[in-house]
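Beneath this line is the structure, given in C-alpha cells, with notes to follow.
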Amino acid sequence: VRTKTAKNLSAEVTKIMQSLGMSQGVFKIAIEFDENMSASTHGLDRIAFLVSANPGQAPRPLERVASGGELSRISLAIQVVAAASTHVPTLVFDEVDAGIGGGVAEIVGRLLRRLGEERQALCVTHLPQVAAQAQQHLLVSKSVSKGQTRTNISPLAETDRVQELARMLGGVELTEQTRAHASEMLKRANG
C-alpha cells in the first residue's frame, strides 16, 4: 500500500510541479525496506523525497538539490495533493511563493485560488501576482506605540486592493500606469 501510494503521490506532485514552471521536473518518493530497523508505526522502510528539476538529471535528495524557489513550489504541490484527499477546512500558506516571481507567481496564485474554492485558504504573500488572485485581500501592517509593536489587519475594498497591488508592484512612488496595471491584474483574476 505504501509503495502504491508513493507512486501515485509522486506522479501527482510531478504534474503540479510541471505546471509551476518546472516543466521537466520530476518528484519521486523512494521507499527502501530496511530489515535492521525496529518495527514502528512508520513500518520498516526508509523513505526519501527525490527531485530532478532539469532534464537529464537523475532524481536526488530534495534537501540537497532544490533551490529556495523550487522548495516553495514542491511544497505547494505536495500540500495541494494532500489537501485533495483530506477534509481540512482551512489551509495556511506562509510565503509559499518565496523565491519565485512573474508568470510562475500568477500560476501559484491561481492554484491557491482554486484551493480556496473548496476550503478556506489563507496565504501570506508579498507578490502582487499572488495577491491579485485572492477572493479577499487583507492588509497586514505593524505599528509601534509606546515601545509596543502592534499588528493590524484590515480587509481591503476593491479600490483599496488596486492601491495595495499598485504599491506591491511599483514601490514607493505610485503612478497611474502602476494603478492601471494593478486594476488589470484584478480584472484578469476575476475574469
Side-chain angles (χ1 to χ4, degrees), residues 1-135 168-169 185 188-189:
V1 169
R2 187 173 280 169
T3 302
K4 181 180 176 185
T5 301
K7 183 178 179 183
N8 292 339
L9 181 60
S10 296
E12 290 181 45
V13 170
T14 294
K15 183 178 176 184
I16 294 173
M17 274 175 51
Q18 291 176 349
S19 76
L20 293 173
M22 299 173 74
S23 63
Q24 301 295 312
V26 175
F27 179 81
K28 181 179 178 188
I29 300 173
I31 300 176
E32 181 182 321
F33 176 74
D34 186 346
E35 62 187 38
N36 296 322
M37 286 180 64
S38 298
S40 71
T41 56
H42 301 289
L44 296 172
D45 298 320
R46 293 194 193 285
I47 299 174
F49 287 179
L50 308 176
V51 68
S52 170
N54 301 302
Q57 294 179 341
R60 296 185 14 215
L62 176 68
E63 67 276 7
R64 291 192 183 150
V65 297
S67 69
E70 290 167 345
L71 281 173
S72 294
R73 289 179 274 174
I74 294 165
S75 170
L76 178 59
I78 291 169
Q79 291 175 62
V80 167
V81 172
S85 61
T86 63
H87 300 289
V88 177
T90 303
L91 299 170
V92 179
F93 299 94
D94 185 11
E95 298 187 32
V96 71
D97 51 13
I100 62 169
V104 173
E106 185 174 340
I107 294 167
V108 167
R110 288 180 191 164
L111 187 56
L112 291 167
R113 183 182 182 106
R114 198 170 75 220
L115 278 174
E117 292 171 356
E118 300 169 6
R119 66 197 77 219
Q120 185 177 34
L122 303 172
C123 178
V124 176
T125 184
H126 297 281
L127 296 178
Q129 297 92 333
V130 174
Q133 295 294 325
Q135 294 169 342
M168 294 169 83
L169 281 165
M185 288 174 77
R188 285 186 33 219

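Throughout, residue positions are numbered sequentially from 1 according to the sequence presented. Remember, it's a predicted structure, so these values are computed and weren't measured experimentally.
Residues S72 and A98 approach most closely at OG-O, 2.9 Å, considering heavy atoms. Residue A121 comes nearest to L112 through the heavy atom pair CB-O, 4.2 Å, listed as atom of the first residue, atom of the second, then distance. Across L50 and A30, no two heavy atoms sit closer than the pair CD1-CB, 3.7 Å. When all heavy atoms of V104 and L20 are compared, the pair lying nearest together is CG1-O, 3.4 Å. Summarising the geometry of M22 relative to A53, their closest heavy-atom pair is CE-CB, 3.9 Å, with the distance given to 0.1 Å. A pairwise comparison of heavy atoms in E70 and V65 identifies OE1-O, 3.7 Å as the closest pair.
The line from CG of N36 to CZ of R46 is 8.0 Å long, rounded to the nearest 0.5 Å. Taken from CD1 in I16 to CD1 in I74, the straight-line distance is 12.0 Å, to the nearest 0.5 Å. The CG atom of L127 sits 11.5 Å away from the CD atom of E106 when rounded to the nearest 0.5 Å. R2 CZ to D45 CG: the interatomic distance, rounded to the nearest 0.5 Å, is 5.0 Å. L115 CG to L76 CG: the interatomic distance, rounded to the nearest 0.5 Å, is 7.0 Å. In this structure, CZ on R73 lies 12.0 Å from CD on Q18, to the nearest 0.5 angstrom.
The closest side-chain heavy-atom distance from L71 to L62 is below 4.5 Å. Using a 4.5 Å heavy-atom threshold, the side chains of I29 and F49 count as touching.
Side-chain atoms of T14 come within 3.5 Å of backbone atoms of F27 as a donor-acceptor pair (strictly under, hydrogens ignored). Between the side chain of S52 and the main chain of V26, no donor-acceptor pair closer than 3.5 Å is present.
For the side chain to side chain donor-acceptor pair (under 3.5 Å) condition, the pairs that include at least one residue of residues 111-130, sequence neighbours left out, are T90-Q120, E95-H126, D97-T125, R113-N190.
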